[in-house]
Amino acid sequence: MKSLVVCYSVSGKTRLVSRVIAEALNTKVVEIKETKTRRGRFSLYVIGSFGALTNKGSKIKPLDLNLKQYDRIFLGSPIWASRPAPAVNSFIYQTDFDDRSVIPFFTMGGDNADKALANVRAKIEKSGGKVAGSFAITTNKVSDKQIVARAKEAAKQYSG
Ligand SMILES: Cc1cc2nc3c(=O)[nH]c(=O)nc-3n(C[C@H](O)[C@H](O)[C@H](O)COP(=O)(O)O)c2cc1C
């Protein structure tokens, strides 16, 4: 089964988890980037949270990506306001998953991803994907080493 990891990350935690997953599954990470860098706390926390809360997308750079080559897409986002980040919404809205398996995952400051997972599941299904698993990793006051260990643990259930 050929997998791909797609992620969006501002402070690097979701990127870190994505790299671990990609390495474990012998594939690469494709990063979603916004056209405008979020500079400053207002743009990130206020506009970012509001966008996430209202299920908005944001402008993202075109991705050089042919999903047809993959059976399974891991899709990583930080949790913003209990939801996926707007850039990840944009990716989902503009993608036809064409019945592919999608495994959404989150990194988060807190420890509850239920709302975010329900939210992203509905969006993925609306774009033609089948949610075939999910996981979430807490990053607040957790060392990168521990995050890597948790990501390796999560990857185990999808390898082999
Ligand atoms: C705008 C914004 C909103 C956030 N909202 C939440 C939240 O609702 N729940 C939560 O657990 N963490 C929240 N966080 C924390 C991030 O999910 C967490 O730090 C995540 O690991 C960051 O991922 P990144 O380093 O890949 O950007 C928020 C962070 C930002 C910047």
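Whatever order the structure lists them in is the order used to number ligands and atoms, beginning at 1. Everything numeric here is computed off the predicted structure, so don't read it as measured data.
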Q: Under 4.0 Å from a heavy atom of Gly110: give me the atoms of ligand 1 that qualify, with their elements.
A: 10 (C), 11 (O), 12 (N)

Q | Residue, atom name and distance, where the atom is the protein heavy atom closest to atom 16 (C) of ligand 1 | A | Ile79 O, 3.6 Å

Q: Among all protein heavy atoms, pick the one closest to atom 2 (C) of ligand 1 and tell me residue, atom and distance.
A: Trp80 CD1, 3.5 Å

Q | Nearest non-hydrogen partners of Gly129 and Val102, listed with the distance | A | CA-CG2, 4.2 Å

Q) Is it true that the side chains of Thr107 and Thr14 contain a donor and an acceptor less than 3.5 Å apart? A) yes

Q: Provide the number and element of each atom of ligand 1 under 4.0 Å from a heavy atom of Ser11.
A: 22 (C), 24 (P), 25 (O), 27 (O)

Q) So, Lys56 versus Asn89: side-chain donor-acceptor pair below 3.5 Å or not? A) no

Q: Return the orientation label for the Tyr8 and Trp80 ring planes: parallel under 30°, perpendicular over 60°, tilted otherwise.
A: perpendicular

Q: Calculate, to the nearest 0.5 Å, the distance between atoms NZ and CG belonging to Lys156 and Leu25 respectively.
A: 13.0 Å

Q. Just going by heavy-atom distances, which of Ile47, Thr107, Val46, Asp111 is nearest to atom 20 (C) of ligand 1?
A. Thr107

Q: Heavy-atom contacts with Thr14 under 4.0 Å: which atoms of ligand 1 show up? List them by number with element.
A: 23 (O), 24 (P), 26 (O)

**Q.** Taking atom 22 (C) of ligand 1 as the reference point, the nearest protein heavy atom with its distance
**A.** Pro78 CB, 3.7 Å

